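One structure is given below, encoded as structure tokens.
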Amino acid sequence: MMSLPPSSSDAPVASFHGLSRPVQRWIRDKGWTNLRPVQAEAIGAVLGSDTDIIITAATAGGKTEAAFLPLLSDALDRPAEGGGFDLVYVGPLKALITDQALRLEGMLEKTELAVHPWHGDVAKTRKDRALKSPGGVLLITPESLEAIFVLRGREVPGLFAGTRAIVIDELHTFLDSDRGVHLRSLLTRLDIAVGRRVRRVGLSATLGEMELVRSYLNPDAPDTVRMIADAGGGQELQVQLRGYVEPGENGSGPSNEVAITRHLFDRLRGTRNLVFAGSRQNVEGYADRLARMCEREKVPVEFLPHHGSLSRDRRAHVEDTLREGRVPLTAICTSTLELGIDIGDVVCVGQIGAPFSVAALRQRLGRSGRRAGEPAILRMYVDMPKLGPQSNPIDRLRLDLVQAVAMIDLLTEGWCEPPAPGTLNLSTLTHQILSVIAGRGGASAARLYKMLCERGPFRSVDQALFLTLLRDLGRPDTALIEQSSDGLLLLGEAGERIVAHYSFYAVFKTPEEYRLLAAGREIGTMPVTTVLAPGMTLVFAGRRWRIVEIDDIGKVIELAPSKEGRPPRFAGDGGAIHDDVRARMCDVLEGRMKEPMPRYLDAAARDALALARGDYDRLRLRGTGMVGIEEKKTLVAPWAGTIRTTTLSLALRDRGLSVEADGAVLEVPCGLENLRIEHLPTIYECGLALSHETGGMLVFDKFHEYLSPSLLIRDALSSRLDRQALGPMIKALLAERCP
DNA sequence: GACCTGCTGCGGTTTG
């Protein structure tokens, strides 16, 4: 008999006894002496009610068991009435589904319940078996679920008739993305197909604002969603931020990159670590420098690159070596190692340059210090260009360093970016319109509207907008849909072709790529937009190569080993920084912090921050937000996030002022008085004028190419631009705030 | 100044 320690309450004991026999036996066989508080609470909540539930706990905190022990127990004790799969698990990664299926198979070994993993790498025979006798647990990706709706629309009601809950793993990855909207749409369509609402259980490690998370799961009754969180917290966080400034013109010494490489080599060798380097190019650059340093010092190479363009083999090797933990290894990586695949515990997390979001920083940090009593260690490195008398005033503000400090500050306060509601997501809506029509062999406009916009996630789309969208999709030159004589909407010629191809199922866009072959083996891929030619050398997968041949039709590049090479550029599409991060950057420059010179800064970072604050004051930016630096050049610092800053720079461009980029501080080619008296008041009066020409430039998402400029503008205004913010921003800039 | 995620049906060949 399992003995449970007399913990703070007898809840765990009650929870244990509420479980079915086979599940109790599994727990006992595992040798568990008690249930974690989250698990005990989840068992009570799942068995004692039918509300939606969100379970949050640290990575490896036992969330999967917390959800599945009671759900499986219920499925064993009360066999489903309607037939079909008893439980559905939706996960964002194929690797995660494979992992979780193995765990569930272990739990269900001595029972009748089957486990059906289902994603692109699962054999067709296995899927056929699941369809022939659906039951037990289906573990699936949103895209594979989409494929079931499109290809087997008529079978959906039967497959899920008896499903008692849908478990969504890594819920945070679905909150604020096209893919998240896609999943919500599929869940609503599933509810409609079975004629009742299927309970949802979300699992997540880190979540921002709870209210928004609740309404993701249940937009009609967010208050009924029960939150179960582990007390956890209280974990010690050790942070160091090291600043690197290139030596002066006559100074000698290593470059910043070499100095940072040296520090990583000295501190991380001999243990397991993750270093997030920001871009694939940077990952390859640091991995190459570290490997050469190991060779020069005649020690084994303990640093390997990991990013999304490397082949599955290369990535698996790094993941397996980390997880097994037999030899020391530091992975230099992009956000690939941020998600839930189990790689074990690492000693420290390195971060080169400020990241794009506090949420990502928090997620990355969760990879270290997972054992009781061990701190989470963050080492941040900021590479700062050399300054001279000719340097741009914006460079003097050291905005990278300031952003890094602002983010660490927000992180320690427990803040992270909340999802942004109210977006239209017209590209994803187009996708779902095509999917519903394909799955049902036709649908009326009224039915589509009710399904997708009234009950589904596209609630910001009103009827008029919906009809405009349908007209766009039905235009002869678009031909995605057409109307039959009795008014039913059917797929058009182009629609048929697009839905029939396997690339339809995902809502996100993927660029075309070359495959890179070395000695006949694929080592990774490169976007076709990268400029490459035979004879060029490059660093890839931590080694140096020469391009032997490029096959433009087969999209294959052959490589041979080389002694030279530079890391190649990959295509990228710019990130969005949140308003609160930029506001905190202003606080950092103006010294409005609990600890104005944080202790976690090293001497070089302190010096750089002190100098940046001095320059900020000398520029007289404090309290004004605008300063003329030349006769026809003004700096504008709205301290707003990417969306609001981009809106302002577009409005300035409407006035004929070409503004570069969308950094925290804008350089406007115009005198201060002219800007203050003429341009800004005019923009305040007239707002942002978006022409059809601008609309043509707003093609970002997968189905945008089929939309007219006016719809593209409306889509952008709901997610990438903020017209309403323009007035208040200008008012703040024009207000005399100086002493 | 960026990163990540996903995918079916069918025809052909090999193996037991």
Side-chain angles (χ1 to χ4, degrees), chain A residues 90-98 118-128 131 140-152 169-170 172-183 186 276-284 305-310 312 315 332-341 351-357 359-361 363-364 382-383 385 394 399-400 403-404 428 431 435 438 498-511 513 525 527 569-577 581-582 641-642 645-646 660-665 700 702:
Chain A
V90 180
L93 300 175
K94 291 186 286 190
L96 193 57
I97 285 174
T98 306
W118 185 309
H119 55 66
D121 296 345
V122 172
K124 189 173 184 307
T125 48
R126 208 166 172 187
K127 293 176 185 165
D128 289 342
L131 288 173
I140 195 164
T141 59
E143 289 73 21
S144 284
L145 189 55
E146 171 68 49
I148 290 179
F149 271 94
V150 170
L151 300 168
R152 312 176 182 280
D169 203 358
E170 305 280 356
H172 57 277
T173 67
F174 290 113
L175 291 181
D176 199 18
S177 67
D178 293 347
R179 217 178 168 204
V181 174
H182 182 202
L183 178 58
L186 292 170
F276 292 91
S279 70
R280 287 168 286 187
Q281 182 181 22
N282 241 358
V283 163
E284 291 289 354
H306 190 288
H307 56 74
S309 292
L310 291 172
R312 191 57 244 156
R315 288 158 70 175
I332 315 294
C333 58
T334 58
S335 48
T336 36
L337 288 180
E338 207 175 276
L339 274 169
I341 320 160
Q351 169 71 47
I352 301 175
F356 284 84
S357 73
L361 189 58
Q363 189 75 18
R364 292 169 185 187
V382 179
D383 176 343
I394 296 180
L399 294 173
D400 249 7
Q403 185 179 324
T428 305
H431 179 263
S435 166
I498 290 166
V499 174
H501 195 262
Y502 64 81
S503 61
F504 173 73
Y505 308 116
V507 289
F508 51 88
K509 197 161 143 177
T510 25
E513 289 182 318
T525 59
R569 261 193 203 194
F570 296 78
D573 54 343
I577 308 253
V581 172
R582 288 271 166 79
T642 306
T645 309
T646 307
E660 292 286 327
D662 67 333
V665 179
F700 298 104
K702 190 168 173 180

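All of these numbers come straight from a predicted model, not from anything done at the bench. The basis for the numbers below is simple: all heavy atoms, side chains too, and nothing from hydrogens, waters or symmetry mates.
If you measure from atom CG of A/Leu93 to atom P of B/dC7, you get 10 Å, rounded to the nearest angstrom. Across the protein-nucleic acid pair, A/Ile352 atom CD1 and B/dC3 atom C1' stand 15 Å apart, rounded to whole Å. What separates CG of A/Asn282 from P of B/dC3 is a distance of 9 Å, to the nearest Å. Summarising the geometry, the separation between NZ on A/Lys702 and C1' on B/dT5 is reported as 12 Å, rounded to the nearest angstrom. For the pair A/Lys94 NZ and B/dT5 C1', the interatomic distance rounds to 10 Å; values are reported in whole Å. Summarising the geometry, the separation between CZ on A/Phe276 and C1' on B/dG1 is reported as 18 Å, rounded to the nearest angstrom. Distance CG (A/Asp176) to C1' (B/dC3): 15 Å, rounded to an integer number of Å. If you take CG of A/Asp178 and P of B/dG6, they are 16 Å apart, rounded to a whole angstrom.
With sequence neighbours excluded, no residue forms a side-chain hydrogen bond (donor to acceptor under 3.5 Å, both in side chains) with A/Arg152. With sequence neighbours left out, A/Arg126 forms a side-chain hydrogen bond (donor to acceptor under 3.5 Å, both in side chains) with A/Glu105.
At least one donor-acceptor pair under 3.5 Å links the side chain of A/Asn282 to the backbone N or O of A/Ala277. In terms of modelled atom types and a separation under 3.5 Å, the side chain of A/Lys127 and the main chain of A/His119 share a donor-acceptor contact. Within the 3.5 Å criterion, the main-chain N or O of A/His431 finds no donor-acceptor partner in the side chain of A/Ser435.
Within 4.0 Å of A/Ala95, counting heavy atoms only, lies no atom of the nucleic acid at all. Counting non-hydrogen atoms under 4.0 angstrom, A/Ser279 reaches the backbone sugars and phosphates but no base.
An OP1 or OP2 oxygen of B/dT5 is reached within less than 4.0 angstrom by a side-chain nitrogen or oxygen of A/Arg315. Listed pair A/Thr141 / B/dC7 meets the phosphate criterion, a side-chain N or O lying under 4.0 Å from OP1 or OP2. Close to B/dC4, at under 4.0 Å from its OP1 or OP2, lies no side-chain N or O of A/Arg179. A sub-4.0 Å separation between OP1 or OP2 of B/dC4 and a side-chain N or O of A/Thr334 is present.
Relative orientation of the A/Phe570 and A/His307 rings is perpendicular, given thresholds of 30° and 60° on the angle between their planes.
Taking the nucleotide of DNA chain B with the nearest heavy atom to each of A/Phe504 and A/Asp400, the more 5' of the two is matched to A/Asp400. Each of A/Ala506 and A/Pro355 has a nearest nucleotide on DNA chain B; the 5'-most of these lies closest to A/Pro355.
To the nearest 0.5 Å, atom CZ of residue A/Phe276 and atom OG1 of residue A/Thr334 are 8.5 Å apart.
Among the nucleotides B/dC3, B/dG1, B/dG6, the one closest to the side chain of A/Ile577 is B/dG1.
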Distances for protein N/O vs nucleotides 8-16 of chain B N/O pairs under 3.5 angstrom?
residue : atom : partner  : partner atom : Å
B/dT8   : OP2  : A/Lys127 : NZ           : 3.2

